[in-house]
Amino acid sequence: MDDGALPGLGRSDLVRRVQTPEFDGITFHEVLCKSALNKTPEASRLPFEYTVNTFRGCSHACRYCFARPTHEYLGLDAGHDFDAQLVVKTNVAAVLRRELARKSWKRQHVALGTNTDPYQRAEGRYRLMPGVIGALAESGTPFSILTKGTLLRRDLSLLTLASRQVDVRLSVSLAIGDLELQQQIEPGTPSPKARLDLIRAITDAGMSCHVMVAPVIPYLTDSRRHLEGLFAGLAAAGASGVTVIPMHLRGSTRGWFLSWLGSEHPALLPRYRRLYGRGAYVGREYTRWLEARVDPLVEQFGLGSGRKAPRTAALPAPVRERETIGPPTLF
Ligand code: SF4
């Protein structure tokens, strides 16, 4: 532990820096945040106006993670630092409670899990989510959680109670059914089987569970065989519906993912060059091809119900946190 601050954080915001044997290779930067609610930009086209992120950085370490570039705002890199230099907003629940009590708060929908995973392993150590869930429910604020973290099971009874007070939407992200590939591409995440068990636990608790089949990784997870096996598992686990999104590679995420692809699947690099060009998105032709593959499977496995969202869609840019930590001049 020491009192050194990250370059992108004000020294006064840092409480302490912690390394602990249970989290080998990870450094926690425990901070006191000034605000908890982040307003999403008008132009973002997101279906929610506010987000809360209890952490910055994510030890789930997905190679394709679209939030990676947000770590650069902290003066950290979007590669290993994003996975291992984690900012923990230790006072997030108290600050959120204060913000939700303002007369000006109109109880708009709040989304969690948009930039980092609220149920990544660190949540087991810090237990931030029970306070966040309590604050949202008690203030009458509807909310949603998207996660790959099986730690959500710990809070299922709390979430069930909250869902009697406000609209609570739970989504699990699971797009790779192959264990070996999942461990290469999402090395810090729970296994596909563990996430299927989480979906089952959510539905057994009486809540519906949407699944983000995102991202579909061209030429690695888009085969009929892979998608069919995945959808069969999701249907058997009780998922209410799916949203399927092909991978996009914006900013520094592109280099991080392609360096892995080049070392593990070099033969795919020319195909990726053709598919993505110099941009971040797959072409329209691929999207249409994926839709044609996915739509019959969605019908076959009865995964078309639940929240209405495009079956295949591009995610908007990650929401950049403003003034959440540190003085505004930092950004
Ligand atoms: S779980 Fe989500 S936030 Fe975490 S690394 Fe993976 S994609 Fe990024």
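Between L146 and H210, the closest side-chain pair of non-hydrogen atoms is not below 4.5 Å. Using a 4.5 Å cut-off on side-chain heavy atoms (C-beta onward), F143 and L112 make contact. Between V95 and L32, the closest side-chain pair of non-hydrogen atoms is not below 4.5 Å. Looking at heavy atoms from C-beta onward, I176 lies out of side-chain contact with P192 at the 4.5 angstrom threshold. The shortest distance between side-chain heavy atoms of V166 and L136 does not fall below 4.5 Å. With a 4.5 Å cut-off on side-chain heavy atoms, I202 and L159 do not count as touching. Here the side chains of W260 and I185 are in contact, with some heavy-atom distance below 4.5 Å. Side-chain contact between M207 and T160: present, with at least one pair of heavy atoms (C-beta onward) separated by less than 4.5 Å.
Each salt bridge (Lys or Arg N to Asp or Glu O under 4.0 Å) pair with one or both residues in residues 251-265, not counting sequence neighbours, would appear here, but there are none. Note on residues 224-241: no pairs pass salt bridge (Lys or Arg N to Asp or Glu O under 4.0 Å), not counting sequence neighbours. Contacts classified as ring-ring contact (aromatic ring centres under 6.0 Å, His included) and involving residues 219-244 (residues at least two apart or in different chains) are given here: Y219-Y272.
Here the straight-line distance linking atom CD1 of I217 with atom CG of L181 works out to 6.0 Å at 0.5 Å rounding. Atom CZ of residue R56 and atom OG1 of residue T70 lie 6.0 Å apart, to the nearest 0.5 angstrom. Here the straight-line distance linking atom OG1 of T51 with atom CG of L46 works out to 8.5 Å at 0.5 Å rounding. For the atom pair L198 CG and L170 CG, the distance stands at 8.5 Å (nearest 0.5 Å). Rounding to the nearest 0.5 Å gives a distance of 11.5 Å between OG of S208 and CD1 of I199. Atoms CE and CZ, from M247 and F257 in turn, are 3.5 Å apart once rounded to the nearest 0.5 Å.
Under the 3.5 Å distance criterion, the side-chain polar atoms of T116 are matched with a main-chain donor or acceptor of F55. Using a distance-only test at 3.5 Å, with no hydrogens or angles considered, no donor-acceptor pair links the side chain of T147 to the main chain of V172. In this structure a side-chain-to-backbone donor-acceptor pair under 3.5 Å is missing from T141 to R107. Judged purely by atom type and a 3.5 angstrom limit, R200 uses its side chain to pair as donor or acceptor with the backbone of A236. At distances below 3.5 Å, at least one donor-acceptor pair connects side-chain atoms of R63 with backbone N or O atoms of Q184. T27 places no side-chain N or O within donor-acceptor distance of the main-chain N or O of Q85, the cut-off being under 3.5 Å. Of the possible polar contacts, one joining the E99 side chain to the A36 backbone as a donor-acceptor pair under 3.5 Å is found.
Checked against salt bridge (Lys or Arg N to Asp or Glu O under 4.0 Å), D178 has no partners two or more places apart in sequence or in another chain. Residues passing the side chain to side chain contact (heavy atoms under 4.5 Å, CB included) test with Q108 are E49, Y50, W105, K106, sequence neighbours excluded. The salt bridge (Lys or Arg N to Asp or Glu O under 4.0 Å) check on D83 picks up R68, with sequence neighbours excluded. Checked against ring pair (Phe, Tyr, Trp, His ring centres under 6.0 Å), Y286 has the following partners two or more places apart in sequence or in another chain: W289. Evaluation of the ring pair (Phe, Tyr, Trp, His ring centres under 6.0 Å) rule for F23 yields F28 as partners, not counting sequence neighbours. T189 pairs by the side chain to side chain contact (heavy atoms under 4.5 Å, CB included) definition with H60, C62, K148, Q182, E186, R195, not counting sequence neighbours. Listed by chain and number, the residues in a side chain to side chain contact (heavy atoms under 4.5 Å, CB included) with L269 are L258, L261, R273 (sequence neighbours excluded). Applying the side chain to side chain contact (heavy atoms under 4.5 Å, CB included) rule to D77 yields the partners D81; only residues at least two apart in sequence or on another chain are considered.
Residues G113 and P118 approach most closely at CA-CD, 3.5 Å, considering heavy atoms. What you find for G25 and A84 is that their closest heavy atoms are O-CB, 3.5 Å. Residue T253 comes nearest to C65 through the heavy atom pair OG1-O, 2.9 Å, listed as atom of the first residue, atom of the second, then distance. Nearest heavy-atom pair, S59 versus Q120, reported as atom, atom and distance to 0.1 Å: N-OE1, 3.0 Å. When all heavy atoms of V282 and P218 are compared, the pair lying nearest together is CG1-CG, 4.2 Å. Counting all heavy atoms, side chain and backbone alike, R98 lies closest to K34 at NH2-O, 4.3 Å.
For the residue pair T54 / E123, no side-chain donor-acceptor distance below 3.5 Å is found, with atom types taken as modelled.
Within a 6.0 Å sphere centred on CD of E42, other residues, nucleotides and ligands contribute 12 heavy atoms or fewer. Annotation for H80: atom NE2 does not count as buried by contact number, only 12 or fewer foreign heavy atoms lying within 6.0 Å.
Of the charged side-chain nitrogens involved, at least one lies within less than 4.0 Å of a carboxylate oxygen, so that E138 and R97 count as a salt-bridged pair.
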Taking distance alone, no hydrogens or angles, what donor-acceptor pairs closer than 3.5 Å link side-chain atoms of residues 124-133 to residues at least two apart or in another chain?
{"from": "Y126", "atom 1": "OH", "to": "E30", "atom 2": "OE2", "distance (Å)": "2.6"}

